[in-house]
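One structure is given below, encoded as structure tokens.
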Amino acid sequence: MKSITRALALVGAGALTLAACGTAPEETAGGGNGSDAGGASSDYKACMVSDAGGWDDKSFNESSFKGLQNAVDELGIDQSTAESTTVSDFAPNINNMVTQGCDLIITVGFLLAPATGAAAQEHTDTDFAIVDSTAQDADGAPLDLENVKPLEFNTAEAAFLAGYLAAGMTETGKVATYGGVDIPTVTIFMDGYVDGVAHYNETHGEDVEVLGWNKETQSGSIVGTFEDQSKGKAVSDEFYNAGADIVMPVAGPVGAGTLASAKEGEDRKVIWVDADGYETNSADSEAQSVILTSVMKEMTVGVEDVITGAAGGEFDATPYVGTLENGGVGLAPFHDFEDDVPAELSEELEALEQEIIDGTVKVESEASPAGV
């Protein structure tokens, strides 16, 4: 796994660059020294609106929020944030940011796409960026707007590696996955995971079964929420009781229910998504002990870079797509399982990563960002 972790290390070092009625928002002065660091103006204001999972979801909201905080600390700019609790908060929270005079408003998550599109069309002098989507109209059709930069991630590639790993590590011959809400940024993980298992089966002549998702029919276990952890616990209990020993939740905070389920049985493992779950669950060593790896989206660096560019007068609406090749997606380290993953399997994953980058192995999903 050295090549995989090395790619992530490069991202962490800043190698990843980008081409080019809610609750009252919190406003905080910049944490820097107030100077024009990196060409940014000290009176520049970057703002962010969360999805319903909140800033401490140990997933995509939290990772994006960290990117905002990093930019504020580095550049000495101002910030304002609005934490959504329901879908009905999205439009009011974005409008609150506009009213506050934000120079750049970053919305986090596919579900905010219509509200982002509407606000960007109404306020053409304000720059927007959206994590995990393009802007959309009210009917869900993509909008190509000069003041909106999409930050998207081809997570099917990294999830393919995770599926291959799961198939190579299962002791029962069954693994599983489920989603929070049936949207492309969820199903793309599940598609890649299923295909990764299939590739392992084909390579090794095995018959590892995936519970929870049928890529061909685009149907399976969708719990319908990013908030209710009890539903994640219930569906995970079903998977483990049915013989699966590795489960990948694609459900934001609901994934905590899978961790709870895994901790109740022997030889149960979890593959986390979005952030490195081992790190975001650092206060829970028991949870860490069941996390095999994580399918990473480098949202922190992506958000920080777009803020840095925009604050320096270099905002552009060219979409960014994170891939294995540019380090925008990848697998996290194995942490506690480092000694348990066979060296031969690690070597296969390194080779497979390069084959995906080279195009020798095709990773396809209906939910992949346009142009990949």
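Only a predicted model underlies this, so the values are computations on that prediction, with no experimental measurement involved.
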Intermediate values then yes/no, side chain to side chain contact (heavy atoms under 4.5 Å, CB included), Val181 and Phe110: CA-CA 11 Å; Val181 178; Phe110 179 87; over 6 Å; no
Donor-acceptor contact below 3.5 Å, side chain [X] vs main chain [Y]:
X	Y	value
Asn326	Thr323	yes
Thr170	Ala166	no
Thr116	Ala135	no
Thr172	Gly243	yes
Asn214	Glu216	yes
Asp89	Thr86	yes

Should we say atom [atom1] of [X] is surrounded by more than 12 heavy atoms from elsewhere, each under 6.0 Å from it?
X	atom1	result
Asp125	CG	no
Asn241	CG	yes
Glu146	CD	no
Glu366	CD	no
Asp144	CG	no
Glu279	CD	yes

Under a single-linkage definition using a 4.5 Å side-chain heavy-atom cutoff for Ile, Leu, Val, Met, Phe, Trp and Tyr, are [X] and [Y] assigned to the same hydrophobic cluster?
X	Y	result
Leu143	Phe315	yes
Val208	Met169	yes
Val270	Val175	no
Leu111	Met299	yes
Ile291	Val329	no

Intermediate values then yes/no, salt bridge (Lys or Arg N to Asp or Glu O under 4.0 Å), Asp284 and Lys263: CA-CA 11 Å; Asp284 186 349; Lys263 290 188 288 185; 3.0 Å; yes
Qualifying residue for side chain to side chain donor-acceptor pair (under 3.5 Å) with Tyr164, from His204, His199, Glu353: His204
Answer with yes or no whether the side chains of [Y] and [X] bring together a donor and an acceptor at under 3.5 Å.
X	Y	value
Asn281	Trp272	no
Ser50	Glu83	no
Asp191	Thr187	no
Asp358	Gln354	yes
Ser368	Asn154	yes

Kindly indicate whether the side chain of [X], heavy atoms from C-beta on, has any atom under 4.5 Å from the side chain of [Y].
X	Y	answer
Asp274	Met296	no
Val295	Phe189	yes
Met97	Met48	no
Pro333	Asp276	yes
Lys215	Met190	no
Thr81	Phe65	yes
Ile222	Tyr178	no
Val131	Val303	yes

Qualifying residues under salt bridge (Lys or Arg N to Asp or Glu O under 4.0 Å), relative to Asp51, sequence neighbours excluded: none
Intermediate values then yes/no, side chain to side chain contact (heavy atoms under 4.5 Å, CB included), Phe160 and Leu352: CA-CA 9 Å; Phe160 190 100; Leu352 181 57; 3.8 Å; yes
So, [X] and [Y], do they make that salt bridge, N to O below 4.0 Å?
X	Y	value
Glu157	Lys362	no
Asp245	Lys174	no
Asp132	Lys297	yes

If I compare all heavy atoms of [X] with all of [Y], which pair ends up nearest, and what's the gap?
X	Y	value
Ser294	Tyr278	OG-N, 4.4 Å
Val273	Pro249	CG2-O, 3.5 Å
Val148	Ala120	CG2-CB, 3.3 Å
Tyr44	Leu104	OH-CB, 3.2 Å
Val210	Val194	CG1-CG2, 3.9 Å
Ala52	Phe90	N-CE2, 4.1 Å

Could you give the distance from [atom1] ([X]) to [atom2] ([Y]), rounded to the nearest 0.5 Å?
X	Y	atom1	atom2	answer
Tyr240	Ser261	OH	OG	6.0 Å
Lys231	Thr258	NZ	OG1	14.0 Å
Asp137	Leu145	CG	CG	10.0 Å
Cys102	Asp78	SG	CG	9.5 Å
Ser133	Phe153	OG	CZ	12.0 Å
Phe128	Ile105	CZ	CD1	4.0 Å

Check against side chain to side chain contact (heavy atoms under 4.5 Å, CB included), Lys233 and Glu264: CA-CA 11 Å; Lys233 172 73 162 56; Glu264 292 179 353; 3.1 Å; yes
Asn61 vs Asp57, side-chain hydrogen bond (donor to acceptor under 3.5 Å, both in side chains): CA-CA, chis, key distance, verdict: CA-CA 6 Å; Asn61 282 308; Asp57 65 352; 3.2 Å; yes
CA sep, side-chain torsions, deciding dist, call: Ser84, Val49, side chain to side chain contact (heavy atoms under 4.5 Å, CB included): CA-CA 7 Å; Ser84 306; Val49 177; 3.6 Å; yes
Salt bridge (Lys or Arg N to Asp or Glu O under 4.0 Å) between Lys45 and Asp103, intermediate numbers included: CA-CA 5 Å; Lys45 190 170 187 177; Asp103 297 288; over 6 Å; no
